[in-house]
Amino acid sequence: MDVAQATPATPGRPDTETVLRLADVTVRFGGITAVDAVTLDVPRGQVVGLIGPNGAGKTTLLDAISGLRTPTEGRVALDGADVTSRSAAWLSRHGVRRTFQRHQAFGWLSVRQNVLVPLEWRTRGRGLLGDVLGLPHRRRETAALLERADEVIELCGLSAVRDVSAATLPIGRLRLLEFARAIVDAPRLLLLDEPTSGLGPRETELLREVLLGLVERHELTVVLVEHDIDFVMGLADRIVCLVQGSVLADGPPAEIRRNPEVIAAYLGS
Ligand SMILES: Nc1ncnc2c1ncn2[C@@H]1O[C@H](COP(=O)(O)OP(=O)(O)OP(=O)(O)O)[C@@H](O)[C@H]1O
Ligand SMILES: [Mg+2]
């Protein structure tokens, strides 16, 4: 199916309301079809929970959306523009931000430095000399970025470890740090791969509150891969269940919870 021909999820809404459009996205690894002709429209502001058994293709689908892997077939569109062949760096600068199943923090950098990394590109190429000489506009720019980083660090409960090197953090804090990095530069589309894994109950609650706040304030669009069913069902507007690379079910959380096929393939009794 062509991207332009994919059916809008919400008929009647203008097309610009569709942030993410997947049309027959397929990813193969040799003989394995990890993602099998997934077609999905995500309207602005929606939180989509992506669930399914191990090996269902959830991470591979996030890789295809975020530009880490070019689909073998099919198209990915962002805000109506075809981005199928765009690089991860390009997509990241255009507001597609993600976290990884295994954290990717820079261990040798402090928490604050880690959170500043995604903001760094905003200053690049605008006069290194200004930095060196400490020109006023450069100082103001740097101060604004530091302020933004510290705001997110506080939001994610990391203020106490702001100047600590990431390598020394326990896993829960590392996951929250990765989340902080994903949200610091105001994403348009946030992709989260099992964000609660490694979090304690309090950290999970904190993450839930921060995510809810972001979604309410900024019309953030989220694709959330999660095995913690209560967490994902509580947050998502819509659940997509992937099995063997294909969409088995797509609907509101309450409906998916009692879908016999989803229960048989994944949720269990
Ligand atoms: N780089 C790769 N090379 C070959 N096969 C891969 C690669 N990455 C993933 N796969 C295969 O693709 C399929 C989907 O894997 P994927 O990691 O996307 O599943 P998942 O739904 O994220 O699973 P989990 O819940 O365990 O994280 C699996 O069969 C996996 O073995
Ligand atoms: Mg995965």
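Start at 1 and go down the list; that is how both ligands and their atoms are numbered. Being a predicted model, the structure only gives us computed values, none of them experimental.
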Report each N/O pair between ligand 1 and the protein that falls under 3.5 Å, naming both atoms.
{"unit_1": "ligand 1", "atom_1": "18 (O)", "unit_2": "Thr60", "atom_2": "N", "d": "2.9"}
{"unit_1": "ligand 1", "atom_1": "18 (O)", "unit_2": "Thr60", "atom_2": "OG1", "d": "2.5"}
{"unit_1": "ligand 1", "atom_1": "19 (O)", "unit_2": "Gly57", "atom_2": "N", "d": "3.3"}
{"unit_1": "ligand 1", "atom_1": "21 (O)", "unit_2": "Ala56", "atom_2": "N", "d": "3.1"}
{"unit_1": "ligand 1", "atom_1": "21 (O)", "unit_2": "Gly57", "atom_2": "N", "d": "3.0"}
{"unit_1": "ligand 1", "atom_1": "21 (O)", "unit_2": "Lys58", "atom_2": "N", "d": "2.9"}
{"unit_1": "ligand 1", "atom_1": "21 (O)", "unit_2": "Lys58", "atom_2": "NZ", "d": "2.8"}
{"unit_1": "ligand 1", "atom_1": "22 (O)", "unit_2": "Thr59", "atom_2": "N", "d": "3.0"}
{"unit_1": "ligand 1", "atom_1": "22 (O)", "unit_2": "Thr59", "atom_2": "OG1", "d": "2.8"}
{"unit_1": "ligand 1", "atom_1": "23 (O)", "unit_2": "Gly55", "atom_2": "N", "d": "2.8"}
{"unit_1": "ligand 1", "atom_1": "25 (O)", "unit_2": "Asn54", "atom_2": "ND2", "d": "3.2"}
{"unit_1": "ligand 1", "atom_1": "25 (O)", "unit_2": "Lys58", "atom_2": "NZ", "d": "2.7"}
{"unit_1": "ligand 1", "atom_1": "25 (O)", "unit_2": "His227", "atom_2": "NE2", "d": "2.9"}
{"unit_1": "ligand 1", "atom_1": "26 (O)", "unit_2": "Asn54", "atom_2": "ND2", "d": "2.9"}
{"unit_1": "ligand 1", "atom_1": "27 (O)", "unit_2": "Gln101", "atom_2": "OE1", "d": "3.2"}
{"unit_1": "ligand 1", "atom_1": "27 (O)", "unit_2": "Gln101", "atom_2": "NE2", "d": "2.7"}

Quiz item: Looking at Val76, Leu61, Asp24, which hits side-chain contact (heavy atoms from CB on, under 4.5 Å) with Pro71?
Solution: Val76
Quiz item: Using 4.0 Å as the upper bound for N to carboxylate O, is an ion pair formed by Arg208 and Glu205?
Solution: yes
Quiz item: Apart from Phe100 itself, what residues make up its hydrophobic cluster when side-chain heavy atoms of I, L, V, M, F, W and Y under 4.5 Å apart count as a link, directly or indirectly?
Solution: Leu68
Quiz item: Salt bridge check: are Arg44 and Asp79 linked by an N-O gap of less than 4.0 Å?
Solution: yes
Self-check item: Arg69 to Phe29 six-membered ring, cation-pi geometry met (6.0 Å, 45°)
Solution: no
Quiz item: Would you say Thr59 has an N, O or S atom lying under 2.8 Å from the Mg ion (ligand 2)?
Solution: yes
Practice problem: Report whether Ile153 and Leu214 are members of the same hydrophobic cluster (ILVMFWY, side-chain heavy atoms less than 4.5 Å apart, transitive linking). | Solution: yes
Quiz item: Is there an N/O/S atom in Gln101 at a distance below 2.8 Å from the Mg ion (ligand 2)?
Solution: yes
Quiz item: Salt bridge check: are Glu154 and Arg162 linked by an N-O gap of less than 4.0 Å?
Solution: no
